[in-house]
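One structure is given here, and the rest of the page talks about it.
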Protein chains: 2
Amino acid sequence: MTTDTTPLTHIVDDDEAIRDALSWLFRTRNVPCATWASAEDFLAAYQEDWRGCIVMDIRMHGMSGLDCSTALRQRGSTLPIIFITGHGDVPMAVGALKRGAFDFIEKPFDDNALVDIVQSALDEDARNQARRSARVDVAARLEQLTGREREVMGLILAGKFNKVIADELNISMRTVEVHRARVFEKMGVRSAVELAQQLTLAGLYNSATPSAE
Amino acid sequence: MTTDTTPLTHIVDDDEAIRDALSWLFRTRNVPCATWASAEDFLAAYQEDWRGCIVMDIRMHGMSGLDCSTALRQRGSTLPIIFITGHGDVPMAVGALKRGAFDFIEKPFDDNALVDIVQSALDEDARNQARRSARVDVAARLEQLTGREREVMGLILAGKFNKVIADELNISMRTVEVHRARVFEKMGVRSAVELAQQLTLAGLYNSATPSAE
DNA sequence: GGCAGGCTTGCGGTCATCCACAATAGCGGC
DNA sequence: GCCGCTATTGTGGATGACCGCAAGCCTGCC
């Protein structure tokens, strides 16, 4: 678990008046927040393990909000982004949402509505982080496996007996047993069932389960 | 597999001129389509196993497109819906997309762009159907299980030994073995590993896998 | 009352898994 | 050359999974 960061609502806007207004709004509602005067500033500071959400103007001097969101996604971020715009149109809103924005609202907006949206964005991020950390954890464990162990694991998940695995890899059953034990140990599970659940949940293993029938 | 229906693009609009125009457009592009003069007509005819997508005006006499989509979702439909509007605004578009609409475009629209959107909607539906049919299949198998069998299955997926299961249910090991065999048989798998994969993939089992550590 | 379906159990045997103990061998780095 | 890591194999035994055969009990339904 590398999560030591508190959820923060990041305000990204090149208009100081807006930053101050939003900042004040969130603080009075007990929503921790930080402000950034440009997309560039925010991107420069951004760390992978940040949690929370982003409230960002779509039109700014320099990098636009849309470009900023694209850059974030490329860096693997899943932080929910709420776009704010003064002169938005339908295609822009649709494009932003289809690219994964959390919401898209127009100025002037209702304070209460925005706070509600931010709250649900924070909730979504919390859910994402839970799934994500599970995936990262499993991925890290997979990294520790040696090549042979990975091979054996694949055959275990294909439901094959140690005997068959030994045959396919042209090694003895005993060796398979050793690899198998190491796989379980390194993956932190105590049975093939747990292994299957862990990998299937994390979506890190595409078993070619031969559907019966 | 109950899928015997061909993917159809359903045009729902109360303006006959639009219906004719869209219908002509799709036919000339080899996209099979059907037309409906109102949301009510469409809903009355709609069947669970329909595939394809929906191109619907958001503002119509009688039931609106948004209400129609809500009704469809309540009936379990996941058909991608593309909204078309003459006088849409940003909040309306955002609302529609956040409720699961596939796209939201304004009139006048570009023919080629619409056909492209419909194509990707059809693709998405095909993907959804694949996932869905797997889920439905597994759900049907789960239905066949008796209460006791479901209980035993839960404990198997929790990674417990037959001995422990027998203990917890206050029955003999032999009985557990019988149930276990029936579970595998009815679920169409040949091992606990396959069972775990199938259920985890279908998302129909929330294993309280005690994370090692 | 009889029949079907579900839940239960025992016996005995085969096959698979898991593990401790013990050992050989290649490879890259200090 | 020694060390650490990985891959390899063997023996033997404890434990668990799976199966065929056989059978008793209870409940709901015709």
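Just the heavy atoms: all of them, side chains too, but no hydrogens, waters or symmetry mates, feed the values below.
Distance from the side chain of A:Met173 is smallest for C:dT17 among the nucleotides D:dA7, C:dT17, C:dT8. Distance from the side chain of A:Glu149 is smallest for D:dA7 among the nucleotides D:dA7, C:dT8, C:dA16. Checked against D:dC18, D:dT8, C:dT9, the side chain of B:Ser172 finds its nearest nucleotide in C:dT9. Among the nucleotides C:dC19, D:dA17, D:dA7, the one closest to the side chain of A:Glu177 is C:dC19. The listed nucleotides are D:dA7, D:dA17, D:dC19; the one nearest the side chain of B:Ala181 is D:dC19.
In this structure, B:Glu185 places its CD atom 13 Å from C1' of D:dC19, rounding to the nearest Å. Rounded to whole angstrom, the span from the CD1 atom of A:Ile165 across to the P atom of C:dC15 amounts to 18 Å. B:Arg182 places its CZ atom 17 Å from the C1' atom of D:dA17, with the value rounded to the nearest Å. Rounded to whole Å, atom P of C:dA16 lies 12 Å from atom CG of A:Asp167. B:Phe161 places its CZ atom 6 Å from the P atom of D:dA17, with the value rounded to the nearest Å. Between the CD1 atom of B:Ile171 and the P atom of C:dC7 there is a distance of 10 Å, rounded to whole Å. The nearest whole Å value for the distance from the CZ atom in A:Arg190 to the P atom in D:dT15 is 18 Å. Counting to the nearest Å, the P atom of D:dC5 and the CD atom of A:Gln144 are 13 Å from each other.
Inspection of the A:Arg27 and A:Ser23 side chains reveals an N or O donor paired with an N or O acceptor under 3.5 Å.
The side chain to side chain contact (heavy atoms under 4.5 Å, CB included) with A:Phe42 is formed by just one residue from the set A:Met63, A:Met56, A:His10; it is A:His10.
For C:dT8, the OP1/OP2 oxygens have a side-chain nitrogen or oxygen of B:Arg148 closer than 4.0 Å. For D:dT6, neither phosphate oxygen OP1 nor OP2 lies less than 4.0 angstrom from any side-chain nitrogen or oxygen of A:His179. Here A:Asn162 does not reach the OP1 or OP2 of C:dA16: none of its side-chain N or O atoms lies under 4.0 Å away.
The base of D:dG20 lies close enough to the side chain of B:Arg174 for a donor and an acceptor atom to sit less than 3.5 Å apart.
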Quiz prompt | A:Arg182/A:His179 under side-chain contact (heavy atoms from CB on, under 4.5 Å): CA gap, chis, key distance, verdict | solution = CA-CA 5 Å; A:Arg182 285 225 184 296; A:His179 289 316; 5.6 Å; no
Self-check item: A:Trp36 vs A:Tyr46, ring pair (Phe, Tyr, Trp, His ring centres under 6.0 Å): CA-CA, chis, key distance, verdict
Solution: CA-CA 11 Å; A:Trp36 307 88; A:Tyr46 172 75; 9.9 Å; no
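Looking at heavy-atom distances under 4.0 Å, A:Thr146 makes contact with sugar-phosphate atoms alone, never a base.
Nearest heavy atom pair, residue A:Val55 against residue A:Phe26, reads CG2-CZ, 4.2 Å.
For the pair A:Ser191 and B:Lys186, both in contact range of DNA chain C, the more 5′-proximal nearest nucleotide belongs to B:Lys186.
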